[in-house]
Amino acid sequence: MRILYTVLLFILFAIKSHAQADTAKRFVYEGRSHVALHVDAGWNKAWFQGLGLSYIYVSAVEKEFPATFVLYAAGEINEAKSTNAIPFYYGYKAGIEFAYGTVVGIELRNLTDFKGNGQFIATPRIGLSAFSLMQITYGYNLFNTQKNTFLISTSQFTLSFNIPFGVFKRYPRTQAQVQQAP
C-alpha cells in the first residue's frame with residue numbers, strides 16, 4: 001500500500017510541476033496606468049459626497065484577476081440639514097488603496113467649517129472592488145483628538161467610482177479586430 005501512495009504522490013507532483021512550467025511559459029505581465037475622476041458618496045451619521053482625481057495603476061497577469069493600486073485626492077462636503085444636530089463641514093482628503101477583488105486602504109481627511117473648527121481623521125477601509133472602477137467599503141474613523149468636533153460616527157460606509165478620462169472615447173479597431181469581424 002505504501003508503494004501505491006508513493007507512486008500516486010510522485011504522479012501528482014509530476015502533474016503539478018508540469019502545470020507550473022506551463023504557467024511560467026504563459027506569464028505575461030501587463031501594467032497600465034491612467035488618471036480618473038474620483039466620485040464618492042457615503043454615510044457616517046450624515047451623508048457626504050466627494051469629488052476629485054485619482055491615479056490608477058493596473059497590473060495584470062494573463063487569465064488572472066487584475067490587481068490595482070489607487071491614489072486619490074478629493075474634496076468633501078457633508079449633507080447636513082438645519083434640523084440635524086450634525087454641523088455642516090467641508091474638507092479635503094487623500095487616500096491609497098490596493099484592490100484584488102477586495103479592497104484595502106486608508107483615507108486621511110482634514111475637515112473644517114471655516115469658523116475656526118477643524119478635525120483630522122484617519123480611516124482604514126476594507127470592502128469589495130470591481131477593477132477599482134467601483135468600490136463599496138466600510139471604514140473605521142480614527143480621530144486625532146478626544147473631541148469629535150463634527151459629531152461623525154466611528155463607522156463609515158462609502159460607495160466610490162473612479163471614472164477614467166476617455167472612457168467614452170471610441171478607439172479605432174486594430175487590424176486583428178477587423179479580420180475577426182464577420
Side-chain angles (χ1 to χ4, degrees), residues 19-20 22-80 86 89-112 118-144 150 152-174 176-177 180:
Q20 286 178 342
D22 185 45
T23 303
K25 289 177 191 172
R26 291 185 300 111
F27 184 81
V28 176
Y29 177 78
E30 180 181 347
R32 294 184 184 170
S33 62
H34 50 272
V35 177
L37 179 67
H38 180 84
V39 179
D40 63 9
W43 180 85
N44 54 10
K45 275 196 181 174
W47 291 100
F48 65 89
Q49 298 84 32
L51 181 65
L53 294 175
S54 60
Y55 171 80
I56 302 173
Y57 179 79
V58 180
S59 65
V61 177
E62 182 181 345
K63 297 184 180 178
E64 286 191 19
F65 200 79
T68 57
F69 175 75
V70 179
L71 289 169
Y72 64 89
E76 182 177 314
I77 190 167
N78 79 337
E79 190 70 31
I86 299 168
Y89 65 82
Y90 302 94
Y92 56 90
K93 57 187 173 182
I96 183 170
E97 297 171 343
F98 176 75
Y100 190 76
T102 58
V103 62
V104 176
I106 188 163
E107 180 177 86
L108 304 174
R109 296 185 290 163
N110 190 20
L111 307 178
T112 183
Q119 187 164 23
F120 180 79
I121 303 170
T123 309
R125 298 171 21 159
I126 188 165
L128 299 174
S129 174
F131 307 106
S132 287
L133 298 176
M134 184 184 84
Q135 300 170 346
I136 299 172
T137 59
Y138 167 78
Y140 188 81
N141 293 321
L142 302 170
F143 304 99
N144 66 334
F150 298 108
I152 295 171
S153 73
T154 53
S155 294
Q156 172 181 316
F157 297 93
T158 308
L159 173 65
S160 61
F161 297 93
N162 292 306
I163 305 163
F165 293 115
V167 72
F168 301 110
K169 181 179 174 183
R170 183 172 171 90
Y171 291 99
R173 292 173 27 170
T174 63
Q177 291 172 331
Q180 290 177 355

Practice task
Verify side chain to side chain contact (heavy atoms under 4.5 Å, CB included) between Phe48 and Thr158, making sure each step is shown before the conclusion.
Solution key: CA-CA 9 Å; Phe48 65 89; Thr158 308; 3.8 Å; yes
Between [X] and [Y], is any pair of side-chain heavy atoms under 4.5 Å apart?
X: Ile152; Y: Lys45; value: no
X: Leu128; Y: Thr102; value: yes
X: Asn44; Y: Phe150; value: no

Quick check: closest heavy atoms across [X] and [Y], and the distance to 0.1 Å?
X: Trp47; Y: Gly42; value: CE3-O, 3.1 Å
X: Ser160; Y: Asp40; value: CB-CB, 3.5 Å
X: Val103; Y: Ser129; value: CB-CB, 4.0 Å

Exercise for the section: Can you label the angle between the His38 ring and the Tyr72 ring as parallel, tilted or perpendicular, going by 30° and 60°? Expected result: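 His38 and Tyr72: parallel rings.
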First locate atom [atom1] of [X], then atom [atom2] of [Y], and finally report the distance between them rounded to the nearest 0.5 Å.
X: Thr112; Y: Gln119; atom1: OG1; atom2: CD; result: 10.5 Å
X: Arg109; Y: Phe120; atom1: CZ; atom2: CZ; result: 10.0 Å
X: Ile106; Y: Thr123; atom1: CD1; atom2: OG1; result: 7.5 Å
X: Gln135; Y: Phe161; atom1: CD; atom2: CZ; result: 10.0 Å
X: Asn144; Y: Ile121; atom1: CG; atom2: CD1; result: 8.0 Å

Problem - Listed partners of Ile136 passing side chain to side chain contact (heavy atoms under 4.5 Å, CB included), at least two apart - result: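 Checked Ile136 against side chain to side chain contact (heavy atoms under 4.5 Å, CB included); matches are Leu159.
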Handout entry: Inter- and intrachain pairs under salt bridge (Lys or Arg N to Asp or Glu O under 4.0 Å), touching residues 120-133, at least two apart
Key =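 Output for this query lists Glu97-Arg125, Glu107-Arg125.
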Handout entry: Option among Val58, Ile96, Ile56 that satisfies the side-chain contact (heavy atoms from CB on, under 4.5 Å) test with Phe69
Key =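 Only match with Phe69 under side-chain contact (heavy atoms from CB on, under 4.5 Å): Ile96.
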With sequence neighbours excluded, residues passing side chain to side chain donor-acceptor pair (under 3.5 Å) with [X]:
X: Asn110; answer: Tyr92
X: Ser153; answer: none
X: Tyr140; answer: none
X: Ser155; answer: Tyr138

Practice task
Given side chain to side chain contact (heavy atoms under 4.5 Å, CB included), test Thr154 with Phe143 step by step and report yes or no.
Solution key: CA-CA 9 Å; Thr154 53; Phe143 304 99; 4.1 Å; yes
Handout entry: N/O donor-acceptor pair under 3.5 Å between Asn162 side chain and Ser132 backbone
Key =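 Such a contact is found between Asn162 side chain and Ser132 backbone.
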